[in-house]
Amino acid sequence: ISGDTIMRSYYLGQPIPTYLASVAVSTYTEVNQMYETAYGPMHLQLVARPGDTTDMKNTFVELGNCVDAIESWYGPYQWERVGYVATTVGAMEHPTNIAYPTFTAFNGNTTAHKRLMAHELAHCWWGDIVTLTSPANMWIKEGNAEYGAHLFTLHQDGQEAFITQVQNNFINVLKTAHYDDDDYQPLSGIPFEYTYGTHTYSKGASMLHNMRGYLGDELFEMGQKSVLETFAYGAIDAEMYRDHLTSVTGIDMTSYFQDWIFSPGYAGYEFDALDYAPAAGNTFDVTMTIAQKLRGATNLHTNVPLDV
């Protein structure tokens with residue numbers, strides 16, 4: 001403009017929520033790569049200070065596979081590039097330029113890094129494409145993002161590693177969420193002071209896994225992609241989420257959302273009694289009673305699909 005003053009202008013082709021607009025400033029340099037995804041070539045960009053780019057490249061060696069994993073469940077990536085920038089404060093899912101903490105960005109391809117990398121990338125769908133009507137439904141974006149990290153494990157390391165991650169997450173939720181957040185909290189309508197608590201992130205991921213079990217893989221994938229397509233660049237709440245999944249999958253999600261999303265606590269199921277008697281030929285008549293037990297819940301769950 002005058003002297004040594006420079007004005008820079010930035011343009012993004014899609015609308016974003018205001019909380020996602022951010023600029024990172026430092027003596028940065030870029031590392032650029034093209035990666036071939038199922039939907040075509042993808043621009044990958046890592047941004048760090050010149051002395052840190054090698055460490056950052058070594059940390060993000062699985063970024064392309066992470067893109068493949070998330071796209072396979074949530075649909076094609078919508079932004080002009082996948083970008084991560086090393087910052088002293090992170091992490092935050094700014095589209096095309098995810099802020100990523102330096103203590104993780106340069107520390108190698110660790111388990112903690114892979115979880116955080118996938119979580120933030122999944123936000124480029126849940127949070128960046130579809131956001132929330134209010135903080136009371138933060139689980140929609142944070143639960144889906146954290147479950148996206150689980151799905152990356154499934155893609156990268158296989159079913160056994162995935163199940164271990166899901167189980168460890170849920171055990172942590174059962175043991176700590178009500179202590180961390182001062183009570184058994186509902187996911188939707190969670191008190192403001194616990195917006196970013198263990199329920200939102202960790203129980204949110206567990207409930208997305210439950211939803212996948214409730215619907216089955218095919219309907220879960222189809223329903224999730226439909227939500228992202230239908231409400232793209234808009235905001236939803238839990239009721240809209242529930243009603244849209246019901247409409248497109250043909251499965252009534254009312255009970256699921258009432259029991260697991262709008263209500264606190266948990267339900268478990270076990271054999272209470274099992275009787276059998278010989279019938280015609282080599283067959284048996286079996287009578288089975290299943291007990292439902294609650295922990296921190298206010299009502300018995302209903303319409304629960306169970307495989308025996």
Exercise. Give a yes or no on whether the backbone of Thr104 and the side-chain of His113 come within a donor-acceptor separation of less than 3.5 Å.
Key: no
Quiz prompt | Atom pair NZ/CD of Lys114 and Gln156 - distance to nearest 0.5 Å | solution = 6.5 Å
Exercise. Test Leu228 against Tyr74 for side chain to side chain contact (heavy atoms under 4.5 Å, CB included), laying out the working first.
Key: CA-CA 8 Å; Leu228 290 163; Tyr74 295 160; 3.9 Å; yes
Quiz item: Same hydrophobic cluster for Val85 and Tyr35, using side-chain heavy-atom links shorter than 4.5 Å among ILVMFWY?
Solution: no
Exercise. Spell out, as yes or no, whether a donor-acceptor pair under 3.5 Å connects the side chain of Glu71 to the backbone of Tyr77.
Key: yes
Quiz prompt | Pair Glu221 + Lys225: basic N to acidic O under 4.0 Å | solution = yes
Quiz item: Under a 4.5 Å side-chain heavy-atom rule over Ile, Leu, Val, Met, Phe, Trp and Tyr, are Leu215 and Val304 clustered together?
Solution: no
Quiz item: CG/Asp55 to OG1/Thr53 distance, rounded to the nearest 0.5 angstrom?
Solution: 8.0 Å
Quiz item: Between Ile236 and Ile140, is any pair of side-chain heavy atoms under 4.5 Å apart?
Solution: yes
Quiz prompt | Short side-chain donor-acceptor distance under 3.5 Å, Glu142 and His123 | solution = yes
Quiz item: Would you say Asp217 and Arg212 make side-chain contact, with heavy atoms under 4.5 Å?
Solution: yes
Quiz item: Phe262 vs Phe257 aromatic rings, parallel, tilted or perpendicular, using cut-offs 30° and 60°?
Solution: tilted
Self-check item: Ring centroid separation Tyr179 to Tyr184 under 6.0 Å
Solution: no
Quiz item: Given the rule in the side chain to side chain donor-acceptor pair (under 3.5 Å) test, do Thr102 and Thr88 qualify, once you have shown the distances and angles that lead to the verdict?
Solution: CA-CA 6 Å; Thr102 53; Thr88 54; over 6 Å; no
Practice problem: Please confirm whether the backbone N or O of Gly108 pairs with a side-chain atom of Thr59, one donor and one acceptor, at under 3.5 Å? | Solution: yes
Quiz item: Within a strict 4.5 Å, meaning less than it, do heavy atoms of the Tyr84 and Leu44 side chains meet?
Solution: no
Quiz prompt | Within-4.5 Å side-chain heavy-atom neighbours: Leu46 and Leu63 | solution = yes
Practice problem: May I ask you to check if Lys203 and Tyr266 form a cation-pi contact, with NZ or CZ under 6.0 angstrom from the six-membered ring centre and within 45° of the axis? | Solution: yes
Quiz prompt | Single-linkage hydrophobic cluster, 4.5 Å side-chain cutoff, Val166 and Leu187 together | solution = yes
Quiz prompt | Short side-chain to backbone donor-acceptor contact, Thr176 and Asn172, under 3.5 Å | solution = yes
Quiz item: Between the side chains of Gln224 and Asn144, does any donor sit under 3.5 Å from an acceptor?
Solution: yes
Practice problem: Go through the side-chain N and O atoms of Asn169 and Ser206 and say whether any donor and acceptor fall under 3.5 Å apart. | Solution: yes
Exercise. Go through the steps to decide whether Tyr233 and Thr131 satisfy the test side chain to side chain donor-acceptor pair (under 3.5 Å), and finish with yes or no.
Key: CA-CA 7 Å; Tyr233 312 112; Thr131 190; over 6 Å; no
Quiz prompt | Donor-acceptor pair, side chain of Asp181 and main chain of Thr198, under 3.5 angstrom | solution = yes
Quiz item: Between Thr27 (side chain) and Arg49 (backbone), is there a donor-acceptor pair under 3.5 Å?
Solution: no
Practice problem: Describe, in one word, how the ring planes of Phe162 and His150 are oriented to each other, choosing from parallel (under 30°), tilted (30 to 60°) and perpendicular (over 60°). | Solution: perpendicular
Self-check item: Side-chain donor-acceptor contact under 3.5 Å, Tyr241 with Asn137
Solution: no
Quiz item: Stepwise, does the side chain to side chain contact (heavy atoms under 4.5 Å, CB included) test hold for Leu174 with Phe170?
Solution: CA-CA 6 Å; Leu174 287 174; Phe170 191 54; 3.6 Å; yes
Quiz item: Any side-chain heavy-atom pair from Ile16 and Pro95 closer than 4.5 angstrom?
Solution: yes
Quiz item: Step by step, would you call Leu20 with Met92 a side chain to side chain contact (heavy atoms under 4.5 Å, CB included)?
Solution: CA-CA 8 Å; Leu20 291 177; Met92 186 64 193; 3.9 Å; yes
Quiz item: Can you name the closest pair of heavy atoms from Ala91 and Leu116 and give their distance?
Solution: CB-CD1, 4.1 Å
Quiz item: Going by atom types alone, do Tyr276 and Asp285 pair a side-chain donor with an acceptor below 3.5 Å?
Solution: no
Self-check item: Thr254 side chain to Arg242 side chain, donor-acceptor N/O pair below 3.5 angstrom
Solution: no
Self-check item: Met42 and Glu36, any side-chain heavy atoms less than 4.5 Å apart
Solution: no
Quiz prompt | Under 3.5 Å: donor-acceptor pair, side chain of Gln292, backbone of His301 | solution = yes
Exercise. Report yes or no: does Tyr214 contribute a side-chain atom to a donor-acceptor pair with the main-chain N or O of Ile251 at less than 3.5 Å?
Key: no
Practice problem: Starting at CD of Glu146, measure out to NZ of Lys141 and round the result to the nearest 0.5 Å. | Solution: 12.0 Å
Practice problem: Mind listing the closest non-hydrogen atom pair of Gly143 and Leu208 along with its distance? | Solution: C-CD2, 4.2 Å
Quiz prompt | Shortest non-hydrogen contact from Ala118 toward Gly148 | solution = CB-O, 4.3 Å
Quiz prompt | Heavy-atom donor-acceptor pair, Asp183 side chain to Gln185 backbone, under 3.5 Å | solution = no
Quiz item: Stepwise, does the ring pair (Phe, Tyr, Trp, His ring centres under 6.0 Å) test hold for Trp73 with His155?
Solution: CA-CA 10 Å; Trp73 287 96; His155 178 88; over 10 Å; no
Quiz item: Do Leu306 and Tyr269 have side chains that get closer than 4.5 Å, going by heavy atoms?
Solution: yes
Quiz item: Which distance, rounded to the nearest 0.5 Å, do you find between the CD1 of Ile70 and the CH2 of Trp126?
Solution: 12.0 Å
Quiz item: Is the closest side-chain donor-acceptor distance between Asn32 and Glu30 under 3.5 Å?
Solution: yes
Quiz item: Between the main-chain N or O of Ser226 and the side-chain N or O of Thr230, is there a donor-acceptor pair closer than 3.5 Å?
Solution: yes
Quiz item: Quick one: do Phe284 and Leu274 end up in the same hydrophobic cluster if we chain Ile, Leu, Val, Met, Phe, Trp and Tyr together by side-chain heavy atoms under 4.5 Å apart?
Solution: yes
Quiz item: Between Tyr256 and Asn303, does a side chain to side chain donor-acceptor pair (under 3.5 Å) hold up when you go through it step by step?
Solution: CA-CA 8 Å; Tyr256 173 83; Asn303 299 317; over 6 Å; no
Quiz item: Can you tell if the side chain of Trp260 reaches within under 4.5 Å of the side chain of Asn210, non-hydrogen atoms only?
Solution: yes
Quiz item: What do you reckon, is CD of Glu218 surrounded by more than 12 foreign heavy atoms closer than 6.0 Å?
Solution: no
Practice problem: Establish, from distance only, whether the side-chain atoms of Thr298 and Ser263 form a donor-acceptor pair under 3.5 Å. | Solution: no
Self-check item: Single-linkage hydrophobic cluster Val286~Val308, side-chain heavy atoms < 4.5 angstrom
Solution: yes
Quiz item: Roughly how far, to the nearest 0.5 Å, is CG of Leu154 from OH of Tyr147?
Solution: 7.5 Å
Exercise. Show your working on ring pair (Phe, Tyr, Trp, His ring centres under 6.0 Å) between Phe152 and His119 and close with a plain yes or no.
Key: CA-CA 9 Å; Phe152 172 51; His119 177 104; over 10 Å; no
Exercise. To the nearest 0.5 angstrom, please state how far the NE2 atom of His199 sits from the OG atom of Ser188.
Key: 13.0 Å
Quiz item: What closest approach, in Å, do Ala99 and Val89 show between heavy atoms, and which atom pair accounts for it?
Solution: CB-O, 4.3 Å
Practice problem: State whether a side-chain donor-acceptor pair under 3.5 Å links Thr153 with Gln165. | Solution: yes
